[in-house]
Amino acid sequence: MSTFTVLNPATEETVATVPSTSVEEADAAIARAAAAREAWRAVGPSDRAALLRAFADAVDAHIEELAQLEVAGSGHPVGQARWEAGNVRDVLRYYSAAPERLFGKQIPVPGGVNVTFQEPVGIVGLIVPWNFPMPILGWGLGPALAAGNPVIAKPAERTPLTAIRIGELAREAGLPDGVFQVLPGKGSVVGQRLVDHEAVRKIVFTGSTEVGRQIMAGCARQVKRLTLELGGKSANIVFADADLERAAAAAPQAVFDNAGQDCCARSRILVQRSAFGRFMEMLEPAVKRVAVGDPASPDTEMGPLISAEHLHRVASYVPAGAPVAFRGSAPDGPGYWFAPTVLAPVPPDYPAYTEEVFGPVVTVVPFEDEADAVKIANDTPYGLSGSIWTQNLGRALRVARAVETGNLSVNSHSSVRYWTPFGGFKQSGLGRELGPDALDAFTETKNVFIATEE
Ligand code: NDP
C-alpha cells in the first residue's frame, strides 16, 4: 500500500503517514456510495435532518481535537483553527434545516397541473484544497447531504487529517455506510477518478484556476454538474473620504489572514492618490504589529506557509531588488515562514501585482477617482472578492455594482458567511456555494404534468 507523509509546516516534522487511495480503492468507494444512494434518498426529511444535527453535535464535541489536528497538519493559528472546526458544525446545523424545506412548486396549466420535485443529483465528489481544509469541505458536504446525495471527499494531499477525522465523526453520529466517505490521496489519481467516473454526478472543486480548467473539461465529457471556486486577485479600494485609520488597521488581516493563502485575499490595495501618503504611514505599524509565529500560541495571528515548495513560489514574487515598502517579521529556524510584505510602487505589469501570489504579499497602488478605481479593480481575469472604504454610501453602492466580483464588503474586510452566497465572477469560478439557495447545486428539478380532465 502506498502512503504519503503529512508535515507540520511550522516545524517540518512528520505529523502522520496516511495511506494513499488507489484508483481501484476509489472505484470501490464509488460502488459503496452507489449502493447507499437509494437508501439515503429514501430517509425521511425529519430523519435526515436529525442525522445532520447529530453529525453537527459530534463535530461540536471534537472542536478542540479537530483544531489541534489543523494546527499540526496545516500550521493554522489555533484561534483560527477553532473557528474553522466550528464553521463545519455551523454549516451542518444550517443545512440540517433544509431537508424539511425541500419544496417543489405546483403550476396550473391548461388541462391539469404541473408539479416539480427537487431530486438529489446523485453521488457528489468534493475536491478540497489545502488552504481551508475544514470549512471548504463543510460548504459542499452540508448541502449535498441535506439534498439526499452520498458524498465522497478528496482532501488535499498535504492536509488530509481533519477531513479523515470528520469522516469518522459522521459514522459515529449514525450516518449510514457509504453516505460520506473520505479518500486521501493524489489529485491526479483520486480527484481525477471522481471526475472521470460516470457514477459520480456532480463535482465541487476549490483550488487553482489551472486545475479547475482541467476539471471543467473532464466534466464536460459527461456533462457532469460542476461548481468551481478558483483563484482571486481582489482589490481593497480606499477612498480619500474613508475612515483611513480603520481601513489601514483592517488591511493586514484582509490579505495576511491564513498567511495570504486565501482565495479572497485583498492582495491589491488601491488608495486614492490624495490619501496615499497618510494611508501608508498608518499601514506600516499595522503590518509590523501582525503576530507571526508558533501556530499553537493563542496570540499568533499568522502562521507559516503550507510547504517548502509553496514558500519558494511565494518568495519568487519578492526577488532581490523588489520594491519593498516595508515588512513585518517572521521566525527564523525550521518551518516555511515568510514575513508579511508590502510592495510599492510597482509597475502595472509587476507579477506580484497581476498574479495570484497566495502568500503574505500585497501591492499598494494609487488611483485618481472613482472611475479609475473601478477600472483598476476590474483589470484582472479574476473576480472573487474585494472591499470598498468610503463614508459616502452612494459611492459605496455605485462602486460595489461596478466591480466585477462575487463578494464585496463595505467598510469591512469580511468575506464568507455560511448563510449568504459565495462564489466568483470571471475566472474565479462557476456557481455559488452557501446561503439559502445552495441546495439548487445539489438537486435536479423534475417537472411532472398531471392531467385533470377525463
Ligand atoms: P490544486 O488546484 O492543484 O489543488 C486543489 C485540489 O485539487 C487538491 O485536492 C488537489 O489534490 C486536487 N487536484 C490536483 N490535480 C487534480 C486533478 N488533475 N484532478 C482532480 N483533482 C486534482 O492547488 P495546489 O495545491 O497545487 O495550489 C496551487 C495554487 O492554486 C496555489 O498556490 C493557489 O494559487 C491556488 N489555490 C487556490 C485555492 C482557492 O481557494 N481558490 C486553494 C488552493 C490553491 P492534491 O492535493 O493531491 O494535489
Side-chain angles (χ1 to χ4, degrees), residues 2-7 9 18 20-21 23 26 73-74 84 125-137 139-140 152-163 182-197 200 203-219 221 224 226-234 257-265 267 305-317 336 338 351-352 354-361 381-385 406-407 415-416 422-424 426-430 433:
S2 77
T3 58
F4 60 95
T5 303
V6 177
L7 295 180
V18 176
S20 197
T21 307
V23 169
S74 308
E84 290 168 357
L126 302 179
I127 302 176
V128 180
W130 47 260
N131 60 335
F132 289 107
M134 285 193 276
I136 292 174
L137 171 74
W139 301 349
I152 300 177
K154 205 301 278 180
E157 206 181 344
R158 294 189 195 287
T159 58
L161 301 181
T162 45
V182 178
L183 305 185
K186 283 191 178 306
S188 55
V189 176
V190 191
Q192 190 68 49
R193 190 62 188 147
L194 293 174
V195 172
D196 290 342
H197 199 297
V200 178
I203 294 289
V204 179
F205 170 81
T206 303
S208 61
T209 299
E210 192 189 333
V211 174
R213 264 192 218 104
Q214 291 171 29
I215 288 181
M216 193 171 180
C219 287
R221 285 193 284 276
K224 188 170 289 191
L226 176 64
T227 300
L228 295 174
E229 299 291 355
L230 307 175
K233 192 70 193 171
S234 298
D257 194 36
N258 205 29
Q261 303 167 124
D262 180 348
C263 47
C264 289
S267 55
L305 293 168
I306 189 69
S307 64
E309 187 194 0
H310 193 54
L311 172 61
H312 181 71
R313 182 174 175 269
V314 170
S316 74
Y317 283 99
Y336 311 123
F338 197 83
T354 57
E355 296 172 20
E356 181 176 51
V357 178
F358 227 60
V361 178
Y382 297 114
L384 190 55
S385 187
N407 294 80
S415 295
V416 189
F422 175 67
K426 301 196 280 187
Q427 292 186 31
S428 284
L430 194 67
E433 296 190 280

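As the structure lists them, so they are numbered: ligands from 1, and atoms in each ligand from 1. Predicted model, so just to flag it, every value in this text is computed and none were measured.
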Which protein non-hydrogen atom lies closest to [atom], naming both residue and atom, and how far is it?
atom                    : result
atom 39 (C) of ligand 1 : C263 CB, 3.6 Å
atom 8 (C) of ligand 1  : V128 O, 3.5 Å
atom 31 (C) of ligand 1 : F358 CD2, 3.7 Å
atom 46 (O) of ligand 1 : E157 N, 2.7 Å
atom 45 (P) of ligand 1 : K154 NZ, 3.4 Å
atom 32 (O) of ligand 1 : R313 NH1, 3.0 Å

Closer than 4.0 Å to some heavy atom of [X] - which atoms of ligand 1 meet that?
X    : result
Q214 : 18 (N)
A156 : 9 (O), 46 (O)
Q192 : 17 (C), 18 (N), 19 (N), 20 (C)
E356 : 33 (C), 34 (O), 35 (C)
K186 : 47 (O)
W130 : 24 (P), 25 (O), 27 (O)
H310 : 32 (O)
G191 : 19 (N), 20 (C), 21 (N)

Subject >> Geometric N/O contact R158 with ligand 1, under 3.5 angstrom >> reply: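 Not met; the criterion fails.
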
Original post:
Is the shortest N/O to N/O distance between S208 and ligand 1 below 3.5 Å?
Top reply: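 Right, the criterion is met.
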
Subject >> Test side-chain contact (heavy atoms from CB on, under 4.5 Å) applied to F205 and L430, L194, I215, V128, the passing residue >> reply: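 So, applying the side-chain contact (heavy atoms from CB on, under 4.5 Å) to F205 and each of L430, L194, I215, V128, only I215 qualifies.
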
Original post:
Out of I152, L183, V23, which residue meets the side-chain contact (heavy atoms from CB on, under 4.5 Å) rule with V190?
Top reply: L183

Subject >> Distance in Å, D262 CG paired with D257 CG, rounded so as to fall on 0.5 Å steps >> reply: 6.0 Å

**OP:** Measure the spacing between NZ of K426 and CG of L384 and express it to the nearest 0.5 Å.
**Re:**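 If I round to the nearest 0.5 Å, the distance is 11.5 Å.
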
Subject >> atom 27 (O) of ligand 1 within contact range, any protein heavy atom under 4.0 Å >> reply: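 Yes, there is one.
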
Original post:
Which heavy atom in A153 sits nearest to a heavy atom in L137, and how many Å separate them?
Top reply: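 Nearest pair, atom of A153 first, then L137: CB-CD1, 3.5 Å.
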
Say whether, by atom type as modelled, one donor and one acceptor occur between the side chain of [X] and the main chain of [Y] under 3.5 angstrom.
X    : Y    : value
N258 : N131 : yes
N407 : G423 : yes
S267 : K233 : no
E157 : F4   : no
R313 : V357 : yes
H310 : G359 : no
T209 : G231 : yes

What part of [X], side chain, backbone, both or neither, has a heavy atom within less than 4.0 angstrom of ligand 1?
X    : result
V195 : neither
V211 : side chain
F205 : side chain
E210 : neither
I215 : side chain

Original post:
Has G185 got any heavy atom lying under 4.0 angstrom from an atom of ligand 1?
Top reply: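 G185 counts as a contact of ligand 1 under the 4.0 Å cut-off.
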
**OP:** Only heavy atoms count here, so choose which of G187, A163, G260, P129 is nearest to atom 22 (C) of ligand 1.
**Re:** G187

Original post:
For atom 40 (O) of ligand 1, which candidate among N131, I203, I127, L230 holds the nearest heavy atom?
Top reply: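 That would be N131.
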
Subject >> Exceeds 12 heavy-atom contacts within 6.0 angstrom, atom NZ of K186 >> reply: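 At most 12 heavy atoms, drawn from other residues, nucleotides or ligands, come within 6.0 Å of this atom.
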
Original post:
Does the side chain to side chain contact (heavy atoms under 4.5 Å, CB included) test come out yes or no for T227 and E433, once each step is laid out?
Top reply: CA-CA 8 Å; T227 300; E433 296 190 280; 4.0 Å; yes

Original post:
Could you walk me through whether L126 and W139 pass the side chain to side chain contact (heavy atoms under 4.5 Å, CB included) check?
Top reply: CA-CA 10 Å; L126 302 179; W139 301 349; over 6 Å; no

